[in-house]
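Worth knowing before you read on, the calculation uses all heavy atoms, side chains too, and leaves out hydrogens, waters and symmetry mates. The first residue in the sequence is number 1, and the count goes up from there.
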Amino acid sequence: MKRCTLVLIAFLFTLPVFAQTDIHALMNQLNDGLAERGRGHDDYNAMGQAKKSLDSQEHDVQLDQQQWDKAFATHQKWLADWQVKQDANQADIARHTQLVAASTAKVADVSARTSAHTQWADRHNANRCYYPPNNPNACAGYEAERQQIAQEAANLASEISAVNAEAARLNALAADLNAIHGPLVEEGGRINADKAMVDQQGQNLNAAIAAYKAQAEKYNAWVKKHNDEWNANEAKIARILTDLKAAGVQTDNCQNALKNTGDGALENIHAVCGHMFDGNTNDRPLTNQGTGGASQN
């Protein structure tokens with residue numbers, strides 16, 4: 001029991017005693033906290049302006065995105081329509097090429113047979129047959145060959161006419177295909193130029209998005225830093241008021257005033273909290289420390 005008494009006495013001797021200088025120090029800290037709150041208000045207002053700028057930047061990015069989406073969709077439709085016409089033209093050209101190849105083969109065949117026929121006719125004509133008056137059938141074989149040569153010549157002439165007609169038709173078709181192909185090539189050039197513009201627009205959009213995201217990250221970091229500093233300062237003010245109240249200073253009205261952290265509350269805070277030391281001319285008054293801090297009346 002005696003040991004417990006000694007411990008209690010020791011504890012009583014260690015109870016804090018707030019000297020006048022301690023109160024001055026707490027008031028200085030309170031004044032600094034209020035000044036920091038003022039700076040926090042300015043920071044908050046600046047963040048509000050920055051948020052408006054960031055929102056405007058986001059709006060611009062969204063408009064750029066919509067414009068690029070529209071330009072890209074228009075380009076893709078143009079490209080798809082052109083591709084259909086281009087594929088059809090290429091298919092027609094491929095079929096025409098096959099027809100030309102077949103026609104070329106026919107021309108080669110007819111030319112070869114015509115050449116052979118010419119040689120046959122030349123040989124026949126070089127060995128003419130003459131029959132005596134008393135033997136008209138002596139040249140019957142020669143006459144039969146002449147008729148064969150004539151018939152084959154007629155056949156060849158008909159084939160040559162058909163081949164020439166087919167060649168003329170294919171030439172006309174080639175002209176039509178070229179008339180379609182030429183503008184398609186030019187349109188393809190315009191599509192490529194449009195693609196370059198759309199791609200550049202997309203690159204500009206990506207740059208704008210990246211810039212917005214960087215600015216948003218910077219803003220969010222700023223907001224977090226502000227909130228952390230604000231909360232820490234508010235906790236500091238609360239601790240100072242608790243210590244002042246423990247020192248016997250009447251802080252109830254001041255604490256109530258400090259609950260209002262609006263822009264217009266600083267003058268009221270000074271007026272209310274300043275009365276805690278009315279009558280003590282040695283006490284340090286609240287002063288303006290920093291933009292938005294507590295103003296001196």
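Side-chain contact between His226 and Glu229 is absent, with no heavy atoms from C-beta onward closer than 4.5 Å. Residues Glu159 and Thr114 fail the side-chain proximity criterion, which asks for heavy atoms closer than 4.5 Å. Side-chain contact between Ile237 and Glu234 is present, with heavy atoms from C-beta onward closer than 4.5 Å. Side chains of Gln57 and Gln215 form a contact here, defined as non-hydrogen atoms less than 4.5 Å apart. In this structure the side chain of Lys77 reaches within 4.5 angstrom of the side chain of Asp81, judged on heavy atoms.
No side-chain donor-acceptor contact under 3.5 Å links Gln49 and Asn45. Side-chain contact of Trp120 with Gln148: a donor-acceptor pair under 3.5 Å is absent, judged by distance alone. Counted by atom type alone, Gln203 and Asp199 present zero donor-acceptor pairs between their side chains at under 3.5 Å. No side-chain donor-acceptor contact under 3.5 Å links Glu152 and His117. Under 3.5 Å, the side chains of Gln200 and Asn204 contain a donor-acceptor pair of N or O atoms. Donor-acceptor pairing under 3.5 Å is recorded for the side chains of Gln65 and Asp69. A donor atom on one side chain and an acceptor atom on the other are not found under 3.5 Å apart for Asp43 and Trp230.
Ring orientation note: the planes of Phe72 and Trp68 are close to parallel, at an angle under 30° on the 30°/60° scale.
Hydrophobic clustering places Leu205 together with Tyr212 (ILVMFWY residues linked when any side-chain heavy atoms are closer than 4.5 Å, directly or through intermediates). Leu34 and Tyr44 are not part of a single hydrophobic cluster, where members link through side-chain heavy atoms under 4.5 Å apart. Hydrophobic clustering (ILVMFWY, side-chain heavy atoms < 4.5 Å, transitive): Val198 and Trp82 are in distinct clusters. If you chain together hydrophobic residues whose side chains sit under 4.5 Å apart, Ile180 and Leu173 never meet in one group.
Considering every non-hydrogen atom in both Ile240 and Leu26, the closest pair reads CG2-O, 3.4 Å.
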